[in-house]
Protein chains: 2
Amino acid sequence: MLKELASAAPRDCEDCPIRHRAVCARCESDELERLDQIKYYRSFEAGQTLIWSGDKMDFVGSVVSGIATLTQTMEDGRTQMVGLLLPSDFVGRPGRDSAAYDVVAVSDIVMCCFRKKPFEDMMARTPHIAQRLLEMTLDELDAAREWMLVLGRKTAREKIASLIAIIARRDAVLNTAGMQGPLVFDLPLTREAMADYLGLTLETVSRQVSALRRDGVIMLEGKRRVTVPDFNRLLEEAGDDSDGGLLV
Amino acid sequence: MLKELASAAPRDCEDCPIRHRAVCARCESDELERLDQIKYYRSFEAGQTLIWSGDKMDFVGSVVSGIATLTQTMEDGRTQMVGLLLPSDFVGRPGRDSAAYDVVAVSDIVMCCFRKKPFEDMMARTPHIAQRLLEMTLDELDAAREWMLVLGRKTAREKIASLIAIIARRDAVLNTAGMQGPLVFDLPLTREAMADYLGLTLETVSRQVSALRRDGVIMLEGKRRVTVPDFNRLLEEAGDDSDGGLLV
DNA sequence: CGACGTGTTGATACAGTTCAAGTTGTGTGG
DNA sequence: CCACACAACTTGAACTGTATCAACACGTCG
């Protein structure tokens, strides 16, 4: 099974599942061809640390499939997740050569990588790439700021509801399911990872998930499979007004 | 006094105090000339809200002088600051037409503005602007993620120490003072604004500032003027290791 | 002067942490 | 196939850091 991971990688950019969302989204076919020449795939197993904070980063790339986390750790071990990397998300920062965060695979992962230098050269010559990267970075900045409100001002219950709402929404967008009717999906994160995302302890996460279940806001099959019968109810619990709030 | 604010605006880009740090930093003189033609200055008084979340944004711009905050507010009034805008920082997002956050002047402010449409056109034709904006956005994203660790995992005392450390560092960079020897500067924020930045109440901020003073980590002249006798001691109190930590 | 904005300090309440025990599910080796 | 180990999760009881509510201090401005 592990050996087969690499086979999940698409051969050709045109068939790539993240073709229209990743950093290459805006590229024309000739630009894509040039990218194609310098790209290479790498696979990682669940639990593996792809990148250690402080390490030299000689590549950048996009998540093709799977989920990873961006985390920061203090000397005494306190950990905060600062980003959740889903398919099409970009890893690495052009212009910086050491990693600022740990990147850890939550599930098995395939990444489409570029050595940093050639990618930077390509970017300088290809406005479509720089444009798309700017757009993606602005979206990430919005998401980070939204998360600052969650971390700074929401109660434990609201934090959990907020996280479930985000995952539900992303899942619905990915599967082009509407927001009407019950939503069903898997939580990709362990209780501990959720705690690291939300600035809580895993015990508090467990208690609040149980409380939301008791109160009928969510239903659980096993530990991970979630049903949200009424998405607006969930948003109320998250402290968001039903319309605005989290930008994709 | 209020009427005179506009006079603080430089006439010419070459004399502009933020010429080499703002979104125009990379521009050649011909590019600067074109920017010059579409720019205009606006002044705001301390306390004024420049932009309301949800409002139509028909301009973008740079802070020339003064300080502003980016804040998010929940329906019940809980408020979280998500950004601190200092001279050279950019306001607004090309490609989006309504504001995502409230922007409030902390001090009197002068901004160098561009109507959004002409700026977007200019950006499309001027890679130097797009490049610089990407770089600035990536820096802001790093700062936001650093702040997520502060909000999610640090104690009240560490939060206060972190904020003072950031302000001290920015001030030292601005005044090209070294990090050696005692640092002296003014806190630009009220206790309440600090609380909104840190996800605390203003009472807790007040108590922890007093505690840091009692313990000799900082010294106070009046409520706002701060002396940091030993910057490394402050970093320890912030929970940062003395070398790494906050970028910029 | 009094009023108001800003900040400090104290007493009490409570949300979330910490420590500890126990449960469930899954993979492994005898 | 069972026994065992281990990771992920749940639940309980006690503790504690921060919020909340309240009173008061200081400086400034009309």
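Within every chain, numbering begins at 1; the chains are lettered A, B, ... in the order of the sequence lines, protein sequences first and strands thereafter.
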Original post:
Using a heavy-atom distance cut-off of less than 4.0 Å, which residues of residues 215-222 of chain B contact DNA chain D?
Top reply: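 Under 4.0 Å from DNA chain D: no residue of residues 215-222 of chain B.
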
Taking [X] first and then [Y], would you say they form a salt bridge - that is, a charged N and a carboxylate O separated by under 4.0 Å?
X        : Y        : result
B/Arg145 : B/Glu140 : no
A/Arg224 : A/Asp186 : no
A/Glu237 : A/Lys159 : no
A/Arg93  : B/Asp139 : yes
A/Arg21  : A/Asp89  : no

**OP:** Apply the side-chain contact (heavy atoms from CB on, under 4.5 Å) test between B/Tyr101 and each candidate in B/Val91, B/Ile51, B/Val82; give the one that qualifies.
**Re:**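 Result: among B/Val91, B/Ile51, B/Val82, B/Val82 is the only option passing the side-chain contact (heavy atoms from CB on, under 4.5 Å) with B/Tyr101.
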
**OP:** Using the heavy-atom set of chain A and a strict 4.0 Å cut-off, write down the first and last nucleotide of DNA chain D that makes it in, 5' to 3'.
**Re:**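 The footprint of chain A covers D/dC9 to D/dA13.
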
Subject >> 5'-most by nearest nucleotide on DNA chain C - A/Lys154 or B/Arg207 >> reply: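 Its nucleotide being nearer the 5' end, the pick is B/Arg207.
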
Does a side-chain heavy-atom distance below 4.5 Å link [X] with [Y]?
X        : Y        : answer
A/Leu189 : A/Val106 : yes
A/Tyr41  : A/Met111 : no
A/Asp196 : A/Thr71  : no

**OP:** Name the nucleic acid region contacted by B/Arg224, choosing base, sugar-phosphate or nothing; use a 4.0 angstrom heavy-atom cut-off, strictly under.
**Re:** sugar-phosphate

Original post:
Which part of the nucleic acid does B/Arg78 contact within heavy-atom distance under 4.0 Å: base, sugar-phosphate only, or nothing?
Top reply: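 If one applies the 4.0 Å heavy-atom cut-off, B/Arg78 turns out to touch nothing in the nucleic acid.
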
**OP:** Not counting sequence neighbours, which residues clear side-chain hydrogen bond (donor to acceptor under 3.5 Å, both in side chains) with B/Thr190? List them please.
**Re:** none

**OP:** Give me the residues of residues 186-204 of chain A where at least one heavy atom lies under 4.0 Å from an atom of DNA chain C, by number, or none.
**Re:** A/Gly199, A/Leu200, A/Thr201, A/Glu203, A/Thr204

Without placing hydrogens or testing angles, list every side-chain donor-acceptor pair under 3.5 Å for residues 207-222 of chain B, not counting sequence neighbours.
unit_1: B/Ser210; atom_1: OG; unit_2: B/Ser206; atom_2: O; d: 3.0
unit_1: B/Asp215; atom_1: OD2; unit_2: B/Arg157; atom_2: NH1; d: 3.0
unit_1: B/Asp215; atom_1: OD2; unit_2: B/Arg157; atom_2: NH2; d: 2.8

Subject >> Polar side-chain atom of A/Asp102 near backbone of A/Trp52 as donor-acceptor pair, under 3.5 Å >> reply: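 Looks like no, no N/O pair under 3.5 Å.
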
Original post:
Quick check: does any side chain N or O of A/Lys154 sit under 3.5 Å from a backbone N or O of A/Gly239, one acting as donor and the other as acceptor?
Top reply: no

Between protein and nucleic acid, restricted to nucleotides 21-25 of chain C and to nitrogen or oxygen atoms under 3.5 Å apart, what atom pairs and distances do you find?
none

Subject >> Nearest-nucleotide 5' precedence on DNA chain D, B/Gln208 against A/Arg213 >> reply: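 Between the two, 5'-proximity favours A/Arg213.
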
